[in-house]
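Any value given below was found using the heavy atoms of this structure, including those in side chains, with hydrogens, waters and symmetry copies removed. If you're wondering where the values come from, they're calculated on a predicted model, not measured in any experiment.
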Amino acid sequence: MNIVAHAPGGKPTGSQVAGRKKYHRWRHVCAAVLAALLMPPLAGTHAADGATGGATSAADPQAEIMEQEAASGRHAYKNLFDGKKPGCAAMAGEWIKDDAGDAMLLSAREAAAGNTTISAFDAGGAVMTDLKDKTVPTPRHCVVSGYVAPQVSFELRLPDPKAWNGRFMLVACAGFCGTVTSSACDPGLSRGYAVVTTNGGHDGSPGFQAAWAHRDNAARHDFAYRANHVASLLSKEIVAAYYGKPAAYSYVVGCSKGGNSAVRYASRYPAEFDGILASAPVLDYQGRVSTSFSWQAQALGKNGRTLFSPADLKALHTSVLGQCDGADGRTDGILNDPAACKPDLAAMGCDRSGLSDRNCFSKAQIDALRKLYAPPADSKGQVIYPAGQTPGSELNATPWLAAMPEVPGTPLVQHGADQWLRYMAYSRQSDGDDKSAQNFDFDKDPADMEAMAKVYNATATDLGSFEKHGGKLLMTHGTADEGISLAATVDYYKRLIKAGGGLAATQAFARLFQVPGMAHCSGGAGYDRFDALSALETWVERGTPPEKIIARRSSPSAAGDEAIPLYPYPLVPRFSGTGDPADPDSYRAVTSASWR
């Protein structure tokens, strides 16, 4: 292991740093990519658990390099600062040479104690939704900003030693990443954690924008897993040097893509974190953003236009609730267990040629709804992604299924699929040049994307090493999630149970909690305020698994302190029919329809 930490007097010039960013290790990628482009398609390459079988367009030229870096990372960034305990400001300007990726600490500054308001985005991203919209105190802390070559930017917050709780947290970025969201550190910092977050290995625009990945296979691997990995390795060593001892416990948290990143640690780096907290994890990232988005885009209409307006989705939600609300013992506008809802779509049809009732739908719309609620399938009817739209999520489905304000007339599923297919989905990136959601071939394309499915997906069910390490996995998913279907997470958890030797054996280290009425990551009309992190800490550090988590409603405001119990899957809450429905003691646990 070749590690050199340069003091300020010996650090490289700006041009040298830029040169290292461009050429450090990654110079080998160009030759590997060129070789891959000249290779004929390879047959018989199988994807990770949960992907479709068949031939691929090309082998992934970056995989071997990344596996070598993963192996070397076990001993990365040791003996920083020449073994000395650094002050905050003294860390600025440190250049660190390491086989896992050269790093530069660009700045380090003291930040005063204060108060900060936790936004819904930050609360959901860190899976600490009990803090949403709350103003919380943050301690005096050191803010360290830097990068790991070539483009993994990060920010690390280090509480004053007297305020540090002895723990470390990685907040994994969401969406297509592309920026360091500093405020994502605030929820953990407010609890005394040393916290780091990254840009996912690239700079890009918010939302589903993927041009940064064009012909850049290394950037795609950074986005998939390496950015979080190297930033965490470096940050843990900085933590150990700054406090004079390593963190006693390490946690990784995230939602959506962040949830994917968190869960995949259990299989790829099983000893790196003690606790994993993932909300609405898009586990089959390739399948959801390519196959499932394209399926929904084609169902919605042609040329990127959608058959549904926000008003239509509101009417649809009312119709679905009219058929299914109350099955959980209470008519409250929330489906505690959407798997029990099988809406009669034909009953919603009517003639809309004139100014007819807006609370019903045309034949074309009904045909589209049949596809939207069904899982994507090939021409033979074989399911190729395990979930359709979730009943009860319709009110939250703008802009996913209705017009997206940033791209007039285009739903988010169309825009997201177009970006992903063009820049991200294929090992040989030129294969995506002419691809779009509208010309996606459900018989052929899923197999052609297998190589990259192995890169992006967190669908592995062999988590024996993580369990042996003593790790605990806690997943939460809203029943009104419009972005990532609850059914996809349930499908994964059921396969985890099958691979892990049964429900009891799996629940010993991994648990899933359905959250009634919560939208994607947070929000919605349901119970989106709960403290999953404390439940995980107690499980990891005291050995007590969570049997119940109390969740409260954010809206409507009249809900007050209304609360409900969350149970580990396959159990879901049902109102007993007596007592105060705002009291969690008025609910009992029943088995989800998806388990029967």
Side-chain angles (χ1 to χ4, degrees), residues 18 21-22 26 29 33 62 66 101 103-104 106 119 121-122 124-126 145-155 170-185 196-232 254-262 264 282 285-286 288-290 293 399-400 404-407 410-427 429-430 432-433 435-437 449 452 455-458 483-484 520-521:
K21 288 179 70 177
K22 184 174 182 181
W26 307 95
V29 175
V33 171
Q62 190 68 19
M66 292 292 98
M104 186 77 180
L106 298 175
S119 71
F121 175 82
D122 296 329
S145 298
Y147 70 83
V148 178
Q151 298 186 70
V152 180
S153 296
F154 67 88
E155 181 169 304
L170 163 67
V171 181
C173 57
F176 287 2
C177 300
T179 186
V180 176
T181 306
S182 300
S183 58
C185 296
V196 69
T197 193
T198 81
N199 69 343
H202 62 272
D203 291 329
S205 302
F208 291 160
Q209 301 290 342
W212 55 266
H214 186 56
R215 307 297 172 93
D216 192 342
N217 209 37
R220 298 194 294 170
H221 277 263
D222 277 352
F223 164 76
Y225 59 88
R226 179 180 174 270
N228 288 320
H229 180 53
V230 294
S232 292
C255 186
S256 196
K257 166 62 172 72
N260 166 291
S261 299
R264 79 177 316 186
V282 52
Y285 207 105
Q286 179 81 299
R288 173 53 176 151
V289 187
S290 58
F293 273 16
W400 298 83
M404 179 182 172
E406 295 84 352
V407 186
T410 302
L412 188 56
V413 292
Q414 169 84 35
H415 174 67
D418 287 349
Q419 288 284 308
W420 183 266
L421 291 167
R422 183 171 181 82
Y423 300 117
M424 304 281 286
Y426 295 92
S427 177
Q429 295 185 26
S430 60
D433 287 351
K435 290 294 183 182
S436 72
M449 299 185 298
M452 294 310 294
V455 174
Y456 299 125
N457 289 355
I484 309 300
H520 191 51
C521 297

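- Taking every heavy atom of both residues into account, Met452 and Tyr426 meet most closely at CG-C, 3.5 Å.
- Ser261 and Ala172 make their closest contact through CB-CB, 3.8 Å (heavy atoms, listed as atom of the first residue, atom of the second, distance).
- Here the closest non-hydrogen pair linking Val148 and Gly101 is CG1-O, 3.6 Å.
- A search for side chain to side chain donor-acceptor pair (under 3.5 Å) contacts involving Asn199 returns Asp203, not counting sequence neighbours.
- Checked against ring-ring contact (aromatic ring centres under 6.0 Å, His included), Phe176 has the following partners two or more places apart in sequence or in another chain: Phe208, Trp420.
- In this structure, CZ in Phe154 is found 11.0 Å from SG in Cys185, a value given to the nearest 0.5 Å.
- Rounding to the nearest 0.5 Å places OG of Ser153 at 10.5 Å from NE2 of His202.
- Nearest heavy atom pair, residue Val282 against residue Tyr285, reads CG1-CD1, 3.2 Å.
- Between the side chain of Lys257 and the main chain of Phe223, a donor-acceptor pair closer than 3.5 Å is present.
- Heavy atoms only, all atoms of each residue included: Ala219 and Asp216 are closest at N-OD1, 3.1 Å.
- For Arg264 (side chain) and Ala224 (main-chain N/O), a donor-acceptor pair under 3.5 Å exists by modelled atom type.
- Counting only distance, with no hydrogens or angles, the side chain of Arg220 and the backbone of Met424 share a donor-acceptor pair below 3.5 Å.
- When atom types are taken as modelled, the side chain of Asn457 and the backbone of Gln286 share a donor-acceptor pair closer than 3.5 angstrom.
- If you take CD on Gln429 and CZ on Arg215, they are separated by 7.0 Å, rounding to the nearest 0.5 Å.
- Within the 4.5 Å cutoff, side-chain heavy atoms of Pro150 are placed close to those of Asp222.
- Cys173 meets the disulfide (SG to SG under 2.5 Å) test with Cys177; sequence neighbours excluded.
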Derivation of the side chain to side chain contact (heavy atoms under 4.5 Å, CB included) call for Asp122 and Val171: CA-CA 10 Å; Asp122 296 329; Val171 181; over 6 Å; no
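- Rounded to the nearest 0.5 Å, atoms NE2 (His214) and OG (Ser430) are 9.5 Å apart.
- Taking every heavy atom of both residues into account, Gln419 and Ala211 meet most closely at OE1-N, 3.9 Å.
- Taking CZ from Phe293 and CG from Leu412, the interatomic distance works out to 6.0 Å, rounded to the nearest 0.5 Å.
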